[in-house]
K.L.:
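One structure, as structure tokens, below. Some questions next.
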Amino acid sequence: MKIVEANGLGLRTRRGWVYRDVDLSAEAGELHAVTGPPGSGRTSLLLALAGRFPHTHGELRRRGPAALGRVAGVHEPDPTLTVAEHIQERLLLLGPVPRRRRQLVPVAAVRARRAYRRDAFAAAIAGAGFTDAPLDPDRYGRDLTPVERQVLGLVLASLSGPNLIVADDVDAGADAPERAWIWAALSRLADQGYAVVASARAVEPGATAVTHRIGDPALPGPALLAAEADLTPEVTA
């Protein structure tokens, strides 16, 4: 089942292109990687695919809800909460899965949301397929390493049982073994039936991801910051 489809997708502001001419089609159970150097518009594109950021050109279709993993400066851990508290808070906010939606939500997410009063951390980690995750439930958000932030973001994203999960800069601050673990974890999420789109500077060798390379936009500085500084889109008729 096709979850997200972008055809000729682009974002142009009065300062220039953030990204342009992106074609991407992801089905349930697929892992896609958006690669490119810093400032190439990767973050803006991922947020657009998830419905959290505008686009001005092309077409975008998405089936079902999307959830964000970690996106620097946009969706990050609370520095004052522990990992376990992040999970407990998210489960409380989500509440139980309504009966009418249970056939649409992955079984693992339903089980995690039922178990939040007993052992939210263990249920959430197991539900995401991350039982080998380098994550301490008592560690505060402010003390998490870049990889731990990514893992927590993916676990939290999986709890709502979305159709699409996006995660940004998954290789940032990671060494080779950590990068290999992250890409394997993303593949496990896709194996559970999610459509997963992650951005990175490059895909780790051996990772089974459909890769989409985007180039440098005609913008000074990071594309997302430039776009946010001037969100008056240049829309062509």
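When reading the values below, keep in mind they use all heavy atoms of this one structure, side chains included, and skip hydrogens, waters and symmetry mates.
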K.L.:
Mind running side chain to side chain contact (heavy atoms under 4.5 Å, CB included) on Ile87 and Arg90 for me, showing each step along the way?
P.N.:
CA-CA 5 Å; Ile87 291 171; Arg90 181 64 58 87; 5.8 Å; no

K.L.:
Going by the side chain to side chain donor-acceptor pair (under 3.5 Å) test, name the single residue among Thr35, Asp169, Asp168 that passes it with Arg42.
P.N.:
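Of Thr35, Asp169, Asp168, side chain to side chain donor-acceptor pair (under 3.5 Å) with Arg42 is met by Asp169 alone.
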
K.L.:
Say whether, by atom type as modelled, one donor and one acceptor occur between the side chain of Arg70 and the main chain of Glu76 under 3.5 angstrom.
P.N.:
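Pair absent, no side-chain N/O of Arg70 close to backbone of Glu76.
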
K.L.:
Applying a strict under-4.5 Å side-chain criterion to I, L, V, M, F, W and Y, I'd like to know whether Leu93 and Phe121 cluster together.
P.N.:
no

K.L.:
Quickly, which of Leu164, Ile3, Leu31, Leu189 forms a side chain to side chain contact (heavy atoms under 4.5 Å, CB included) with Tyr194? Name it, please.
P.N.:
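Looking at Leu164, Ile3, Leu31, Leu189, the match for Tyr194 under the side chain to side chain contact (heavy atoms under 4.5 Å, CB included) is Leu189.
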
K.L.:
Are any of the side-chain heavy atoms of Leu9 and His57 separated by less than 4.5 Å?
P.N.:
no

K.L.:
Between Phe53 and Leu46, does the side chain to side chain contact (heavy atoms under 4.5 Å, CB included) criterion hold? Intermediate values first, please.
P.N.:
CA-CA 8 Å; Phe53 210 63; Leu46 256 66; over 6 Å; no

K.L.:
Run through Leu47, Leu68, Leu156 and flag the one making a side chain to side chain contact (heavy atoms under 4.5 Å, CB included) with His75.
P.N.:
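Testing each of Leu47, Leu68, Leu156 against His75, the sole residue satisfying side chain to side chain contact (heavy atoms under 4.5 Å, CB included) is Leu68.
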
K.L.:
With distance as the sole test, does Arg179 use its side chain to make a donor-acceptor pair with the main-chain N or O of Trp183 at under 3.5 Å?
P.N.:
no

K.L.:
Going by the rule side chain to side chain contact (heavy atoms under 4.5 Å, CB included), which residues pair with Asp78 if we only count those two or more places apart in sequence or in a different chain?
P.N.:
Thr80, Leu81, His86

K.L.:
Begin from the C-alpha positions of Asp21 and Ile214 and carry the test side chain to side chain contact (heavy atoms under 4.5 Å, CB included) through to its verdict.
P.N.:
CA-CA 9 Å; Asp21 299 327; Ile214 61 176; over 6 Å; no

K.L.:
Are any side-chain N or O atoms of Thr56 and backbone N or O atoms of Arg12, one a donor and one an acceptor, separated by less than 3.5 Å?
P.N.:
yes

K.L.:
Examine distances only and state if a side-chain atom of Ser40 and a backbone atom of Pro37 form a donor-acceptor pair shorter than 3.5 Å.
P.N.:
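Yes, because the side chain of Ser40 sits within donor-acceptor range (under 3.5 Å) of the backbone of Pro37.
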
K.L.:
Any sub-3.5 Å donor-acceptor pair from Asn163's side-chain atoms to Arg63's backbone N or O?
P.N.:
yes

K.L.:
Measuring from Leu159:CG to Leu154:CG, what's the distance to the nearest 0.5 Å?
P.N.:
11.0 Å

K.L.:
Run the side chain to side chain contact (heavy atoms under 4.5 Å, CB included) test on Ile182 and Gln150 for me, step by step, so that the C-alpha distance in whole Å, both residues' side-chain angles and the decisive distance to 0.1 Å come before the verdict.
P.N.:
CA-CA 8 Å; Ile182 282 287; Gln150 289 289 351; 3.9 Å; yes

K.L.:
Surrounding CZ of Arg213 (heavy atoms of other residues, nucleotides or ligands, distance under 6.0 Å), is the total greater than 12?
P.N.:
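Counting neighbours around CZ of Arg213, more than 12 heavy atoms of other residues, nucleotides or ligands fall under 6.0 Å, so yes.
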
K.L.:
Do the side chains of Val4 and Leu60 get nearer than 4.5 Å, heavy atoms only?
P.N.:
yes

K.L.:
Drop me the distance from Leu49's CG to Ser44's OG, to the nearest 0.5 angstrom.
P.N.:
11.0 Å

K.L.:
Check the hydrophobic clustering (I, L, V, M, F, W, Y; side-chain heavy atoms under 4.5 Å; chains of links allowed) and say if Val34 and Val74 are grouped together.
P.N.:
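Linked, Val34 and Val74 end up in one cluster.
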
K.L.:
Check Val155 against Ala124 and note the closest heavy-atom contact, atom names and distance.
P.N.:
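Shortest heavy-atom contact: CG1-CB, 3.8 Å.
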
K.L.:
State, to 0.1 Å, how close Ala157 and Gly69 come at their nearest heavy-atom pair, and which atoms those are.
P.N.:
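Closest approach of Ala157 to Gly69: CB-N, 4.2 Å.
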
K.L.:
Taking ring pair (Phe, Tyr, Trp, His ring centres under 6.0 Å) as the test, write out the residues that go with Phe130, two or more places apart.
P.N.:
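Phe130: ring pair (Phe, Tyr, Trp, His ring centres under 6.0 Å) contacts with Trp181.
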
K.L.:
Side chains of Val166 and Val196: closer than 4.5 Å at any heavy-atom pair?
P.N.:
no

K.L.:
Please report the interatomic distance CG(Asp136) to CD(Glu148), rounded to the nearest 0.5 Å.
P.N.:
8.0 Å

K.L.:
For residues 22-30, which side-chain N or O atoms pair as donor and acceptor with protein atoms under 3.5 Å away, sequence neighbours left out?
P.N.:
| residue | atom | partner | partner atom | Å |
| --- | --- | --- | --- | --- |
| Asp23 | OD1 | Gly8 | N | 2.7 |
| Glu30 | OE1 | Glu27 | N | 2.9 |
| Glu30 | OE1 | His32 | NE2 | 2.9 |

K.L.:
For Arg188 and Asp132, what are the C-alpha separation, side-chain angles and deciding distance, and is it a salt bridge (Lys or Arg N to Asp or Glu O under 4.0 Å)?
P.N.:
CA-CA 12 Å; Arg188 292 202 296 271; Asp132 59 340; 3.0 Å; yes

K.L.:
Begin with the C-alpha distance, continue with both residues' side-chain angles, and end with the deciding distance and a verdict on side-chain hydrogen bond (donor to acceptor under 3.5 Å, both in side chains) for Arg61 and Asn7.
P.N.:
CA-CA 9 Å; Arg61 292 178 292 276; Asn7 299 110; 3.0 Å; yes

K.L.:
Indicate the atoms forming the closest heavy-atom contact of Pro54 with Ala48, along with that distance.
P.N.:
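Closest heavy-atom pair between Pro54 and Ala48: O-CB, 4.3 Å.
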
K.L.:
Check the surroundings of atom CZ in Arg62: do more than 12 heavy atoms from other residues, nucleotides or ligands lie under 6.0 Å from it?
P.N.:
yes

K.L.:
Looking at every heavy atom in both Pro162 and Ala67, which two are closest together, and how far apart are they?
P.N.:
CG-CB, 3.6 Å

